[in-house]
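Count residues from 1 along the sequence.
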Amino acid sequence: MTCYRELIERQLAVRQAGLQIGLQKANEQEPFIAAVADTLSRTMWGYVMRMDARFEVTFIVDLGGVAFAHQFEAVKQALAEKFDVDADGDALNVATDRQPYGVAACRVVFGDVL
């Protein structure tokens, strides 16, 4: 029979392992994320970067003074020069398989940066 304290210790071990895996993922894709950020910085639109609890990164590009379709295509084109880019509605999925550890990916969405 498992006691309460053993259940707590198991939960902590699982969560610690999840954090370690997430940290490893974050460290491995850091050069890719920095390259995407550098590419976005070269456009004329500001952005912010967000990370969720699974260490997935989303860039939120500020809506500019041009028509959204033009801004979307300009950002897509800038990113496509270095990365694999797929449109997903009004967002972009950006990825590369050129990393030594495999695939790295992030998402670019458009909206008001708060």
- Is there a path of hydrophobic side-chain contacts, each under 4.5 Å between heavy atoms of I, L, V, M, F, W or Y residues, that connects Val66 with Leu40? yes
- Item | Residue pair Asp62 / Gln71: nearest heavy atoms and the distance that separates them | O-NE2, 2.8 Å
- Any chain of hydrophobic side-chain contacts (each under 4.5 Å) joining Ile33 to Ile21? no
- Task: To the nearest 0.5 Å, tell me how far Leu19 CG sits from Gln24 CD.
- Result: 13.0 Å
Show the atom names and distances, to 0.1 Å, of all donor-acceptor pairs under 3.5 Å that link a side chain in residues 11-18 to residues at least two apart or in another chain.
none

- Message: Asn93: which residues meet the side chain to side chain contact (heavy atoms under 4.5 Å, CB included) condition with it, sequence neighbours left out?
- Response: Asp88, Arg107
- Query: Can you tell which of Leu92, Val36, Thr58, Leu79 makes a side-chain contact (heavy atoms from CB on, under 4.5 Å) with Cys106?
  - Reply: Val36
- Query: Shortest non-hydrogen contact from Arg54 to Lys25?
  - Reply: O-NZ, 3.7 Å
- Item | Contact summary for Asp90 and Phe110, nearest pair of heavy atoms | O-CD1, 3.4 Å
- Phe59 versus Val94: any side-chain heavy-atom pair under 4.5 Å? no
- Note on the structure: Looking only at heavy atoms, the pair that brings Gln29 and Phe55 closest together is NE2-O, 3.7 Å
- Where is the tightest heavy-atom contact between Phe72 and Gly89, given as atom of each residue plus distance? CZ-O, 3.9 Å
- Under a 4.5 Å cut-off applied to non-hydrogen side-chain atoms, are Val109 and Arg50 in contact? no
- Message: Let me confirm one number: the CZ-OG1 distance from Phe83 to Thr96, rounded to the nearest 0.5 Å.
- Response: 7.0 Å
- Message: If you compare all heavy atoms of Met49 against all heavy atoms of Ala37, which two are closest, and at what distance to 0.1 Å?
- Response: CE-CB, 4.5 Å
- Report yes or no: do Val61 and Phe68 belong to one cluster of Ile/Leu/Val/Met/Phe/Trp/Tyr joined by side chain heavy-atom distances under 4.5 Å? yes
- State whether a side-chain donor-acceptor pair under 3.5 Å links Gln77 with Glu81. no
